Number of protein chains: 2
Amino acid sequence: MSTPTTPSTDVAEPRRRRKPGTKPRLSRQGIIEAAFAVSERDGAQALTFQAIGAQLGAHPTAIYRYFRDKDELLLALLDAIHAEALAGAPEPTDDWAADLAELGRRTYAAFLRHPQVAQFAGARTARRENEFRKVDRVVGCMRTAGFEDADAARYYRVFSDLILAHAALDASLAALDPATRAADLRSWDVEYRTLPADLFPDLAAVADHLPRVDDPGNFELAMELMLDALRMRAAAARSRRRPDDGRKRT
Amino acid sequence: MSTPTTPSTDVAEPRRRRKPGTKPRLSRQGIIEAAFAVSERDGAQALTFQAIGAQLGAHPTAIYRYFRDKDELLLALLDAIHAEALAGAPEPTDDWAADLAELGRRTYAAFLRHPQVAQFAGARTARRENEFRKVDRVVGCMRTAGFEDADAARYYRVFSDLILAHAALDASLAALDPATRAADLRSWDVEYRTLPADLFPDLAAVADHLPRVDDPGNFELAMELMLDALRMRAAAARSRRRPDDGRKRT
DNA sequence: ACCTGAACACCGTTCAAGT
DNA sequence: ACCTGAACACCGTTCAAGT
């Protein structure tokens with residue numbers, strides 16, 4: 001218990017040694033909470049030091065004492081989103097595909113709860129405690145599926161990327177200022193449904209069936225398809241390991 | 001030939017009627033090309049009116065005569081990226097899955113040729129000529145696959161979202177300023193490979209096999225898995241239509 | 001030690017002014 | 001008609017100054 005749980009030193013809370021007589025009003029955790037509060041309340045480009053400072057009742061530049069720059073704050077917020085996704089997630093079971101779906105859904109939901117943050121976070125690596133835990137969980141599911149290590153690593157990456165890419169994409173749409181977002185959505189109800197059939201015959205044929213771009217069912221279907229494909233490959237991997245048990249054709 | 005090829009009026013080039021004696025130095029197309037030139041040359045936050053103006057040898061605000069605001073320029077750039085993806089794309093064949101893969105690869109490549117633009121464009125709807133054409137092509141592949149209209153529309157959306165989401169995600173990473181990007185990449189070679197195995201056992205087991213986050217093979221594998229799943233569903237859809245031809249079990 | 005104020009180098013956007 | 005210049009309300013970040 002003498003060693004910290006998080007091994008990377010640059011993410012530890014306050015390496016500042018507290019002197020008696022100093023009572024800090026701010027904290028990393030307080031700033032993180034203020035940032036989420038602001039990002040949910042305000043639209044458009046909500047995540048500014050000015051807004052976070054106002055939310056804290058402090059000067060915007062006071063934040064620099066706790067985060068080196070805005071990017072470090074962003075990575076902390078990303079890790080907090082991972083924590084939110086993991087909080088209350090059920091323990092792993094034998095049904096690795098269902099476990100992956102559960103983790104995927106929770107991650108997607110956590111991202112969409114904070115679209116202003118999430119739109120910039122999908123491609124980033126938080127390299128912090130909760131992200132480590134999430135990676136470990138997803139890799140665990142792939143190993144439970146029966147993939148050998150190299151494949152478990154590959155399929156971990158491709159599954160996580162699917163979740164993060166979709167979550168960031170849908171968060172980007174949700175984070176648009178309302179007028180811009182409405183105009184984008186409207187184009188699928190107007191322009192895309194009134195295109196001339198002679199120029200765009202296939203589009204015209206299915207125009208009445210186009211799902212909304214902001215339908216969460218799009219993400220669900222994407223994950224379902226990927227899990228279908230992974231189940232096939234997992235079955236193949238297991239039958240390769242124990243040929244007596246697998247039923248392969250050709 | 002009297003009607004314009006693009007049916008939506010708000011995207012038409014210059015609805016300004018030219019008076020004699022006026023010789024515009026700028027144009028929509030010229031601004032678009034300058035924007036791409038700037039976005040490829042400069043890193044970080046390259047896509048500013050100041051930089052585009054400098055590239056054109058014109059005042060930054062001169063652009064406002066050709067694009068209402070930065071968002072309209074972004075949508076024009078997105079459509080230009082779609083045009084790039086379609087340029088030289090082979091005609092549709094009977095092998096709809098290979099056609100989809102080809103379109104996906106070209107779209108991904110076009111996005112990654114312009115990461116500074118692409119990082120903001122994935123979730124947007126350009127609602128312009130080349131996007132219409134692309135949607136029509138992908139829907140066409142789904143109909144060739146044998147999906148009925150509602151399913152063709154659903155699978156069009158989920159396939160396009162996969163491509164756009166991955167392309168935007170990888171573009172976001174590529175668009176980071178070099179130091180930030182390097183730090184993110186390095187964390188997969190350092191932090192993630194030195195985590196304590198007792199706390200993260202599954203991660204530790206596969207740590208040596210983790211693919212790089214910027215490996216384009218991640219996108220390829222994601223698309224491959226989705227096409228696997230779509231092939232299965234297409235076979236099922238066809239056997240539902242012509243039960244004599246399909247070989248279903250159960 | 002902790003926070004504030006002022007300053008700097010940027011942004012997008014508007015609008016009056018030049019030609 | 002087309003472009004420029006000045007101005008406005010913002011950004012993130014640095015640094016000296018307050019307490």
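Quantities reported herein were computed from a predicted structural model and do not represent experimental measurements. Every chain is numbered from 1, with letters handed out A, B, ... down the list of sequences.
- Nearest heavy-atom pair across A/Ala222 and A/Leu162 is O-CD2, 4.0 Å.
- Considering CG of B/Asp215 and CG of B/Leu210, their distance stands at 12.0 Å, rounded to 0.5 Å.
- The aromatic rings of B/Tyr108 and B/Phe219 sit parallel, their planes meeting at an angle under 30°, below the 60° perpendicular limit.
- At whole-Å resolution of the value, CG in A/Leu74 and C1' in D/dC11 are 16 Å apart.
- When each of D/dC3, C/dC2, D/dC11 is scored by its nearest atom to the side-chain atoms of A/Pro24, the top-ranked nucleotide is C/dC2.
- We find that CD1 of B/Ile31 is positioned 12 Å from P of D/dC2, with the value rounded to whole Å.
- The structure places CG of B/Asp202 at 11.5 Å from CZ of B/Phe200, a figure rounded to the nearest 0.5 Å.
- A tilted orientation is assigned to the rings of B/Phe36 and B/His114, their planes being inclined by 30° to 60°.
- Side-chain proximity of B/Arg65 to the nucleotides C/dC3, D/dC2, D/dG12 is greatest for D/dC2.
- Near DNA chain D, meaning a heavy atom under 4.0 Å from it, residues 33-41 of chain A has no residue at all.
- One atom, CZ of B/Phe49, and another, C1' of D/dT4, lie 16 Å apart when rounded to the nearest Å.
- Panel note: side chain A/Arg106, backbone A/Gly88; a donor-acceptor pair is recorded below 3.5 Å.
- As a whole-Å value, the separation of A/Asp177 CG from C/dG12 P is 15 Å.
- Atom CD1 of A/Ile63 and atom C1' of D/dT13 are 12 Å apart (whole Å).
- A distance of 10.5 Å separates CG in A/Leu86 from CD in A/Glu131, rounded to the nearest 0.5 Å.
- Rounded to a whole Å, the CZ atom of A/Arg68 is 18 Å from the C1' atom of D/dC15.
- If you take CD on A/Glu129 and CG on B/Leu195, they are separated by 9.0 Å, rounding to the nearest 0.5 Å.
- In terms of heavy-atom proximity, B/Ile32 sits nearest to B/Ala80 at CG2-CB, 4.3 Å.
- Between B/Ile63 and B/Phe49, the shortest heavy-atom distance links the atoms CD1-O, 3.9 Å.
- Rounding to the nearest 0.5 angstrom, the gap separating the CG atom in A/Leu103 from the CE atom in A/Met223 is 9.5 Å.
- A distance of 6.5 Å separates CG in A/Asp184 from CG in B/Leu75, rounded to the nearest 0.5 Å.
- Following rounding to the nearest Å, B/Lys70 (NZ) and D/dC10 (C1') show an atom-to-atom distance of 14 Å.
- Considering only the side chain of A/Ala62, C/dC3 comes nearest among C/dC3, C/dC11, C/dT13.
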With 3.5 Å as the limit, what N/O pairs link the protein to nucleotides 5-7 of chain D?
from  : atom 1 : to      : atom 2 : distance (Å)
D/dG5 : N7     : B/His59 : NE2    : 3.1
D/dG5 : O6     : B/Thr61 : OG1    : 3.3

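- Consecutive Watson-Crick or G-U pairing (both distances under 3.5 Å) extending over three or more pairs maps onto DNA chain D as C:4-8 with D:12-16, C:12-16 with D:4-8.
- For the pair A/Gln50 and D/dG12, the criterion of a side-chain N or O lying under 4.0 Å from OP1 or OP2 is not met.
- Rounded to an integer number of Å, the gap from CG of B/Leu47 to P of C/dC10 is 17 Å.
- Counting only heavy atoms from C-beta on, A/Tyr64 has its side chain closest to D/dT14 among C/dT4, D/dC3, D/dT14.
- Side-chain nitrogen and oxygen atoms of A/Tyr66 include at least one within less than 4.0 Å of the OP1 or OP2 phosphate oxygen of C/dC3.
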